[in-house]
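So you know, we letter chains A, B, ... as the sequences are listed, proteins then strands, and number each from 1. Owing to the predicted nature of the structure, the values given are computational and were not obtained by experimental measurement.
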Amino acid sequence: MTETKRKTPLIDELEKGPWPSFVKEMKKEAHKPITRDAISQLERSYEEHISHWKHGGLVGVMGYGGGVIGRYSDLAAEFPGVAEFHTFRVNQPSAWFYTSDALRTLCDIWDKHGSGITNMHGSTGDIVFLGGTTEAIEPIFADLTANGWDLGGSGSNMRTPSCCVGPARCEWACYDTLNACYNITQSFQDELHRPFFPYKYKFKFAGCPNDCVASIARSDCSVIGTWKDDIQVNNAKVKDYEKQGLDLNADVCDRCPTRCMSWDGKTLAIDNSNCVKCMHCINMMPKALKPGKERGATILIGSKAPIVGGALLSSVFVPFLEMDPESEYSDLKELTEAIWELWGEHGKSRERVGEFIQRVGLSNFLEEIGLEPVPEMVMHPRTNPYIFFDDEIFEKAE
Amino acid sequence: MTETKRKTPLIDELEKGPWPSFVKEMKKEAHKPITRDAISQLERSYEEHISHWKHGGLVGVMGYGGGVIGRYSDLAAEFPGVAEFHTFRVNQPSAWFYTSDALRTLCDIWDKHGSGITNMHGSTGDIVFLGGTTEAIEPIFADLTANGWDLGGSGSNMRTPSCCVGPARCEWACYDTLNACYNITQSFQDELHRPFFPYKYKFKFAGCPNDCVASIARSDCSVIGTWKDDIQVNNAKVKDYEKQGLDLNADVCDRCPTRCMSWDGKTLAIDNSNCVKCMHCINMMPKALKPGKERGATILIGSKAPIVGGALLSSVFVPFLEMDPESEYSDLKELTEAIWELWGEHGKSRERVGEFIQRVGLSNFLEEIGLEPVPEMVMHPRTNPYIFFDDEIFEKAE
Amino acid sequence: MADERITDIGPPHYEQFLPEVIKKNYGKWDYHEILKPGVMVHVAESGDKLFTVRAASPRLLAITTIRKFCDIADTYCGGHLRWTSRNNVEFLLTDEKKIEPLIKELADYGFPVGGLGAKLSNIVHTQGWVHCHSSASDASGVVKAVMDELFPYFTGEKDLPAKTRIAYACCLNMCGAVHCSDIAILGVHTRAPVINHAELPKMCEIPTLVASCPTGAIRPATVDGKQSVEIVEEQCMYCGNCYTVCPACTINNAKTDGISVWVGGKVSNSRVPPKFSKLAIPYLPNNPPRWPEVVEAVVKIVETYAAHARKNERLGEWIDRIGWPKFFELIDQPFTKYHIDDFKHAGETFMRTAQLRH
Amino acid sequence: MADERITDIGPPHYEQFLPEVIKKNYGKWDYHEILKPGVMVHVAESGDKLFTVRAASPRLLAITTIRKFCDIADTYCGGHLRWTSRNNVEFLLTDEKKIEPLIKELADYGFPVGGLGAKLSNIVHTQGWVHCHSSASDASGVVKAVMDELFPYFTGEKDLPAKTRIAYACCLNMCGAVHCSDIAILGVHTRAPVINHAELPKMCEIPTLVASCPTGAIRPATVDGKQSVEIVEEQCMYCGNCYTVCPACTINNAKTDGISVWVGGKVSNSRVPPKFSKLAIPYLPNNPPRWPEVVEAVVKIVETYAAHARKNERLGEWIDRIGWPKFFELIDQPFTKYHIDDFKHAGETFMRTAQLRH
Ligand code: SRM
Ligand code: SRM
Ligand code: SRM
Ligand code: SRM
Ligand code: SF4
Ligand code: SF4
Ligand code: SF4
Ligand code: SF4
Ligand code: SF4
Ligand code: SF4
Ligand code: SF4
Ligand code: SF4
């Protein structure tokens with residue numbers, strides 16, 4: 001292991017213990033001067049309880065508005081290796097599947113141009129190359145694209161979409177998340193690379209309501225698989241679960257949010273008209289139950305972290321949308337474009353679409369994008385009587 | 001029945017039908033010119049679909065700021081009888097108990113001075129004398145007080161407190177609602193009659209969480225009886241209810257909000273530490289179950305109708321307060337005075353205390369009135385990270 | 001001195017109005033039982049019994065009627081009666097044999113009994129055209145029209161799953177627990193106030209008026225050289241608060257005022273916490289003397305609830321169980337843009353889960 | 001032309017990375033089963049089986065390690081592997097016999113397996129002092145310190161009632177699902193930014209800066225004759241948004257930055273709708289390299305949850321069942337004024353029912 005410039009007793013402490021150590025990881029690349037200085041500067045932060053990074057100026061790939069996050073050390077004199085320490089967001093393949101060959105190619109590129117340390121993956125889903133100089137930006141990009149890779153998003157644009165493992169490995173996928181994620185990413189390359197929105201816009205694709213990509217909490221457009229018809233039940237296998245010790249009443253029926261199921265020791269009766277597709281019973285008995293056959297997705301809009309108006313979860317826009325790959329997701333794209341147009345024109349700078357909807361009112365927003373209001377969009381109708389009446393009410397009332 | 005000035009075919013329609021008719025009631029007093037004109041003007045409103053009353057100027061009893069609502073007709077020329085048509089709010093006795101003698105006295109006073117029509121009772125709880133002239137105000141007041149009655153509240157002051165029937169007739173009363181209501185009303189006569197608050201302030205006293213005076217929805221201070229110890233259970237009588245057809249599981253145990261009860265056909269087991277005192281099980285089986293013996297009340301603050309900031313329900317201030325009549329409710333009075341002082345000084349005009357608390361923040365409000373925050377005050381702690389930290393956190397953290 | 005003004009005496013002490021059986025058993029009641037529609041008994045630990053007969057009331061009562069009630073109370077109840085928090089009148093007896101004659105006399109006088117237990121009780125309501133300036137419709141008339149139709153649910157002739165509370169208010173001030181009722185009927189203004197610029201400067205303080213508007217729709221303006229205000233119509237949601245503080249901002253409008261219907265509120269803490277009522281029907285026309293559109297809509301809601309809900313399930317609990325989409329389908333009313341909240345905390349009502357029925 | 005710049009090609013198509021067994025059974029999986037900690041099998045309708053071995057990862061990986069993973073994948077998995085949405089690495093096999101050797105090789109290399117099913121999975125986290133300018137604390141270090149202690153809950157040595165998701169973010173920007181986690185650990189600034197008045201006019205647009213503050217604490221001001229801003233300290237709740245838009249408003253503070261702990265959030269729609277995490281502990285000191293106060297508090301919460309919750313009950317579901325007062329009692333932390341919401345929709349969180357445990 002190459003020596004760092006200074007002793008690092010504090011972070012060395014974190015090489016101990018059973019959980020894999022990020023310090024060990026950094027040190028694995030300490031033969032690179034840039035990484036060595038990153039380690040030293042980190043030790044300094046541990047000593048002083050403060051970050052030594054500064055905001056980035058505008059750095060990036062020619063013609064792209066995003067994909068590179070500029071970062072500079074405020075201790076550049078002491079640690080010249082990290083004077084520039086930018087990150088590169090490389091658009092991951094759908095559901096983070098790789099072959100060893102593909103990964104080695106990526107490693108080679110990063111070995112050649114940067115720190116050799118990565119995040120697998122960033123919170124938005126990208127492969128993150130952590131720490132490179134301004135000079136290296138174009139060469140890295142050239143090597144990436146030459147090998148079939150491209151950058152992901154940053155700044156006020158569409159961000160890199162991501163998806164759950166879906167039909168590739170999961171029996172519950174209600175639509176093809178990998179295909180949808182790939183298709184949307186490819187169709188909106190311009191919006192991904194060239195910021196022109198009021199703020200960021202994220203897509204996440206989950207194959208069922210378990211939402212294994214946290215789409216409802218972390219994406220402006222959350223596409224969550226679901227179904228319309230009856231849950232598929234194999235009663236013999238339900239019985240098997242019972243024999244193996246599952247308490248059908250306590251662990252399944254009583255935990256159903258609408259209590260629409262009952263078990264008499266032989267038949268699991270489900271009032272499917274009151275099933276809200278929560279997945280719980282299916283999760284409990286993967287061999288015995290399956291989502292229905294008429295499948296699609298619920299489209300929810302607007303989740304985000306707290307900045308500035310408070311965190312939001314996405315809310316229902318389209319209760320059920322067919323997600324046939326043949327259609328190339330034209331309905332979803334149309335909806336998306338209508339949203340972008342309205343928000344793009346009237347959204348304030350740094351106003352996420354979820355906040356924008358709250359500011360202008362959901363009804364007004366729907367009217368502008370041409371979507372009919374349906375009761376599925378709300379937990380309950382308004383409780384306050386402050387209604388803006390249009391003239392049409394008098395006609396309707398006659 | 002005396003003739004009104006004009007035919008009243010529209011409201012006459014409402015003399016028909018099985019429900020007691022307010023039109024018949026009005027006509028019972030149509031021998032009085034004032035009432036005759038009130039009837040005629042009402043018919044006019046039915047024809048024209050609009051009210052013909054105008055705002056009151058300042059009318060009232062000498063030395064009082066409230067108790068009389070001034071009202072004038074905008075058709076005074078046509079209906080001189082109702083040129084002035086004020087209402088008098090007479091403070092009802094606790095829980096609306098009367099003797100026929102007392103009622104006859106009230107009827108005589110109103111017969112002598114006014115329209116002879118009343119509301120038994122107004123929504124706040126007062127006896128409402130409906131329709132009298134400005135001239136009649138002082139004479140009515142003199143006759144009332146001479147007979148032991150006084151006016152209730154209106155305007156920006158304490159409003160007439162009211163209470164449920166409580167220990168007078170109800171087996172579930174957890175404190176003496178009639179006594180508390182009377183005591184508070186008497187103690188705060190000045191605040192009731194002489195407006196000096198930013199807006200109105202209402203008290204309602206309910207003997208148990210059934211809240212038969214809708215206190216949690218309609219009073220700035222809602223005093224709701226509750227208990228601390230275990231529900232009193234008579235299992236033999238539970239069994240009787242079962243025999244009479246009550247489904248203990250479906251109708252009782254499964255409807256308990258915390259599901260803290262179970263019934264094995266013999267014993268009703270209650271995990272009292274998880275009972276939230278909702279009353280449901282007791283309501284279902286009045287002969288078998290009773291609230292515990294260690295009784296008191298929860299004090300909740302701030303409910304109101306929608307004007308201006310939206311409707312509010314009251315929220316928990318004191319989870320459990322003893323309500324011993326011997327104490328003269330000194331704790332409740334102290335709390336009330338602290339609230340009035342703070343709101344009185346800093347509340348905006350026409351800002352109810354519930355809105356004021358939201359504007360300044362519950363924590364700040366509590367700090368000012370000297371009440372400790374407890375988790376019972378909230379459904380859950382904050383979800384947003386926008387915390388105003390004081391210096392004390394650093395000390396605590398050490 | 002005979003002339004001394006008496007003030008601040010407060011209400012008479014309640015104790016003098018309590019019947020002997022109550023004084024004796026005050027706070028010592030053991031249980032109660034509903035004996036038949038409108039009649040219940042409370043049994044004390046001592047074994048004493050108190051019978052209550054509950055009669056309907058239009059709330060607006062002539063002193064003639066009150067005196068009649070007094071006579072009835074003297075005959076059957078030793079002069080003892082009370083009113084309830086929902087404006088029904090209750091006769092308090094100790095002699096069980098007098099119940100039937102009492103009921104008969106009340107009925108003959110036009111006051112049916114009922115409203116006890118899992119029934120429809122009286123409609124809490126407000127002044128309307130009988131006494132209030134800001135009413136968008138009458139109160140007593142709508143209540144009468146609705147109760148005439150729902151009468152069997154009060155008397156117990158028809159069954160209900162649980163206590164059912166209807167309330168009526170004639171404007172957004174909502175003088176009654178309208179905002180927390182199983183069914184709330186609410187008079188609504190639907191047009192911005194018309195300003196009388198000639199009167200305004202004389203009658204109203206402009207800063208107070210401007211501050212009164214929750215949406216900030218009112219701005220100071222000079223009209224015909226006079227200081228007055230203007231209202232940005234698109235920002236006005238017709239709350240009438242400006243009218244309350246300034247009579248020169250007339251909100252009443254004979255053509256466009258109407259009635260809205262709200263559902264699913266409750267007050268008690270029983271089973272589920274108290275709930276606000278939610279918008280079911282934004283606007284129905286104002287058609288006196290019998291408001292047929294309103295009556296029809298309310299009856300439809302009550303009948304649907306009666307047919308579908310489970311025992312002890314309040315209207316709001318039932319809707320929560322079946323979901324709002326199903327509710328709108330069952331009552332045959334459209335879901336419109338008006339149903340979606342757009343006030344201060346609107347976002348808190350959006351459906352932020354994929355838990356949906358399809 | 002070799003020199004032509006390639007752009008907008010997007011990510012490679014996923015299909016080329018899928019193992020044969022997946023291509024063949026794509027969308028035709030029948031069920032899965034967890035075979036042992038960290039190992040599951042998916043069985044296709046065809047009968048084909050796909051085994052997954054899930055290994056821990058610190059997320060921050062050296063290319064040296066990734067290359068090692070590639071070698072391992074070549075040996076056991078025909079070169080196939082993937083990462084999960086919580087940054088674990090999954091090895092995909094068809095040969096059951098290779099599972100044990102694979103696990104051993106991973107363990108030898110320092111990468112234990114686990115995190116499947118009702119277990120603690122990896123901590124989703126952010127950059128911290130490794131890369132971000134606005135971090136109130138480090139990210140990877142806190143995660144490492146916590147996971148070292150909670151390790152048995154990842155490997156399955158210790159049981160948990162249900163899936164348990166911890167997330168970490170180093171500032172209020174919350175780059176991760178911190179706001180909807182069973183346990184969220186969040187770096188917090190606790191002092192208003194310090195303004196560099198000399199630099200500010202050069203670096204930042206004043207109107208944008210003023211608009212960036214959610215509480216309106218920032219006002220334009222002239223300082224030493226230069227256009228700059230001032231911050232009303234009482235209005236600042238340290239969100240750092242001004243620092244994001246203007247580097248001259250430094251929010252980092254070595255003395256006062258600290259860590260808060262949040263609980264009870266979730267993302268899935270299973271049983272109960274998704275929930276935000278709620279504040280459990282407002283402030284703990286920032287003590288690298290092992291943050292003992294934070295570790296202790298988080299361990300206490302996990303242990304209490306493990307000891308008290310029912311099967312399949314997520315942390316937030318458990319708290320909802322027992323009530324917040326009990327939760328604070330059990331984890332032995334005080335309820336303070338900081339726990340009461342005072343942001344925009346604060347009133348919506350007040351307890352508006354008398355349903356209480358006493
Ligand atoms: C790298 C990454 C964290 C990580 O360690 O994984 C990250 C890093 C930053 N985020 Fe983030 N965010 C990252 C995922 C997220 C997520 C999670 C997600 O996408 O699922 C969120 C929450 C979801 C959301 O979008 O709301 C997130 C919410 C934010 C916010 C607050 C946005 C809001 O509306 O509340 C900011 C503030 C901003 O935009 O100025 C922000 C800003 C930033 C900046 C650019 C800070 C800044 O002002 O310059 C960080 C750069 C750090 C650095 O030094 O590289 N980051 N950020 C993640 C992106 C990697 C990737 O592309 O895969
Ligand atoms: C008479 C009564 C209605 C009735 O028919 O019973 C009534 C009548 C009026 N109320 Fe009320 N309120 C009456 C109980 C209520 C209640 C119910 C209660 O107290 O339980 C409420 C809802 C609870 C609350 O306090 O919020 C109520 C909420 C309002 C409001 C809205 C207050 C708010 O903060 O949202 C106003 C508007 C105002 O204060 O300017 C209001 C204003 C008025 C005024 C004074 C209208 C005005 O601006 O002049 C009404 C006079 C009508 C008239 O012509 O006599 N009235 N008012 C009730 C009082 C009788 C009594 O003393 O017993
Ligand atoms: C007389 C009265 C109190 C008073 O001081 O005037 C009263 C009296 C009783 N109430 Fe009540 N309640 C009275 C208004 C209320 C109200 C207030 C309101 O309606 O505005 C409520 C809250 C309503 C709401 O939630 O919206 C109310 C919610 C209850 C409940 C809870 C019902 C529920 O499950 O939600 C019970 C328990 C029950 O009925 O099982 C109850 C039970 C009772 C009992 C059985 C209590 C007892 O043991 O004596 C009394 C007679 C039964 C009845 O009416 O069915 N009382 N009760 C009020 C009669 C009003 C009327 O004329 O109809
Ligand atoms: C691999 C992964 C998807 C991916 O594309 O990467 C995945 C895979 C599976 N998830 Fe998941 N989930 C994955 C992240 C998530 C997330 C997102 C997150 O944690 O940020 C969630 C939402 C968590 C939340 O609610 O906060 C998630 C909520 C679920 C649930 C619902 C659990 C619940 O009851 O709340 C299930 C059902 C179950 O476990 O019974 C589930 C079930 C499953 C199953 C059993 C589905 C299947 O049949 O294959 C998969 C393996 C089981 C496991 O991990 O226990 N998965 N799953 C993710 C693994 C992350 C990890 O490394 O731990
Ligand atoms: S979200 Fe559903 S479909 Fe996707 S991996 Fe999770 S459980 Fe499977
Ligand atoms: S999926 Fe959820 S809602 Fe539907 S039956 Fe199963 S447990 Fe109930
Ligand atoms: S609130 Fe409780 S104590 Fe009072 S009358 Fe109703 S049930 Fe009885
Ligand atoms: S009072 Fe309510 S919470 Fe308590 S045991 Fe009875 S039903 Fe359950
Ligand atoms: S609800 Fe409105 S119109 Fe009706 S009495 Fe109250 S203030 Fe007057
Ligand atoms: S009616 Fe209400 S919203 Fe309209 S101008 Fe008047 S105060 Fe403002
Ligand atoms: S949470 Fe804050 S400090 Fe951490 S990476 Fe995101 S923006 Fe940077
Ligand atoms: S840290 Fe946040 S609250 Fe404080 S001044 Fe900056 S933007 Fe405003």
Side-chain angles (χ1 to χ4, degrees), chain B residues 10 13-14 17-20 22 25 28-29 45-46 48-51 53-55 91 93-94 96-100 103-104 107 110-111 116-120 123 145 148 150 167-169 171 178 185-186 189 209-214 216-218 255 278-280 286-287 305 307-308 311 313, chain C residues 6-12 14 17-18 22 26-27 29-32 42 56 58-64 66-67 70 73-74 79 81-83 85 110-111 129 131 133 135 140-141 144 147-148 151 172-177 179-180 214 241 247 252 254 267-271 274 286 288-289:
Chain B
L10 288 172
E13 178 55 36
L14 293 170
W19 190 252
F22 74 101
E25 293 299 311
K28 284 178 189 170
E29 307 301 326
S45 286
Y46 270 62
E48 295 173 0
H49 298 199
I50 203 150
S51 172
W53 300 110
K54 290 196 301 186
H55 278 73
N91 198 330
S94 279
W96 306 286
F97 278 97
Y98 298 91
T99 56
S100 45
L103 279 175
R104 286 195 189 98
C107 289
W110 191 226
D111 203 0
I117 59 178
T118 74
N119 286 149
M120 294 296 274
S123 286
T145 49
D150 198 348
R169 195 188 58 194
E171 66 269 33
L178 290 79
T185 310
Q186 290 294 357
Q189 280 292 303
N210 281 331
D211 199 356
C212 295
V213 277
I216 204 168
R218 293 162 72 177
R255 309 294 293 279
C278 86
M279 289 295 297
H280 175 69
K287 292 183 192 172
I307 304 299
V308 177
L313 293 161
Chain C
I6 308 170
T7 67
D8 298 281
I9 57 171
Y14 53 92
F17 303 131
L18 302 178
I22 287 187
Y26 197 87
W29 298 101
D30 187 19
Y31 66 89
H32 77 280
H42 283 79
R59 188 177 81 131
L60 188 160
L61 291 176
I63 50 175
T64 305
I66 299 174
R67 285 171 173 149
C70 291
D74 284 346
L81 71 171
R82 71 178 292 267
W83 271 265
S85 63
F111 289 80
W129 294 333
H131 200 266
H133 63 286
S135 43
S140 315
K144 167 78 173 136
M147 282 309 279
D148 277 346
F151 191 65
L172 268 53
N173 284 341
M174 290 199 188
C175 301
H179 54 307
C180 294
N241 201 43
N252 299 332
V267 164
S268 78
N269 292 281
S270 192
R271 295 176 306 284
N286 204 4

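Side-chain contact check for B:Ser51 and C:Asn252: no donor-acceptor pair (N or O, by modelled atom type) lies under 3.5 Å.
Interface residue C:His179: only side-chain heavy atoms are found under 4.5 Å from chain B. C:His32 touches chain B through backbone and side chain together, each having a heavy atom under 4.5 Å away. The parts of B:Lys287 that come within reach of chain C are both its backbone and its side chain, each placing non-hydrogen atoms under 4.5 angstrom from that chain. Only the side chain of C:Phe151 comes within less than 4.5 Å of a heavy atom in chain B; its backbone stays farther off.
Taking CH2 of B:Trp110 as the reference point, atom CD1 of C:Ile66 lies at 11.0 Å (rounded to 0.5 Å). Taken from CG in C:Asn269 to CD1 in B:Ile216, the straight-line distance is 5.0 Å, to the nearest 0.5 Å. In this structure, CD1 in C:Ile63 is found 8.5 Å from OG1 in B:Thr118, a value given to the nearest 0.5 Å. Taking CZ of C:Phe111 as the start and CH2 of B:Trp19 as the end, the distance is 10.0 Å to the nearest 0.5 Å. Note that CZ of C:Arg67 is 4.5 Å distant from CG of B:Asp111, once rounded to the nearest 0.5 Å. In this structure, the separation between CH2 on B:Trp96 and CG on C:Leu81 is 14.0 Å, given to the nearest 0.5 Å.
Between chain C and the options B:Gly148, B:Ser123, B:Cys107, B:Ala311, the largest number of non-hydrogen pairs under 4.5 Å is found for B:Cys107. The candidate with the highest count of non-hydrogen atom pairs below 4.5 Å against chain C, out of B:Leu10, B:Leu14, B:Ile117, is B:Leu14. For the set B:Val308, B:Thr145, B:Asn91, B:Asn119, the count of heavy-atom pairs under 4.5 angstrom toward chain C peaks at B:Asn119. When B:Pro286, B:Cys278, B:Ser94, B:Cys212 are compared by the number of non-hydrogen pairs under 4.5 Å with chain C, B:Cys278 comes out ahead. Of the residues considered (B:Asp211, B:Leu178, B:Asn210), B:Leu178 shows the highest number of contacts with chain C, using heavy-atom pairs under 4.5 Å. Taking B:Glu48, B:Lys54, B:Met279, B:Glu13 one by one and counting their heavy-atom pairs under 4.5 Å with chain C, the maximum is reached by B:Glu13.
For B:Gln189, the side-chain contact (heavy atoms from CB on, under 4.5 Å) partners at least two apart in sequence or on another chain are B:Asp150, B:Thr185, B:Gln186, B:Leu192, B:His193, C:Asp8, C:Pro11. When the salt bridge (Lys or Arg N to Asp or Glu O under 4.0 Å) test is applied to C:Arg59, no partner is found at least two apart in sequence or on another chain.
Formation of a donor-acceptor pair under 3.5 Å by the B:His280 side chain with backbone atoms of C:Arg271 is not found in this model. The closest donor-acceptor contact from the side chain of B:Glu29 to the backbone of C:Thr64 lies under 3.5 Å.
The aromatic rings of C:Trp129 and B:Tyr46 stand perpendicular to each other, their planes meeting at an angle above 60°, with 30° marking the opposite boundary.
With a 4.5 Å cut-off on side-chain heavy atoms, C:Leu61 and B:Glu25 count as touching.
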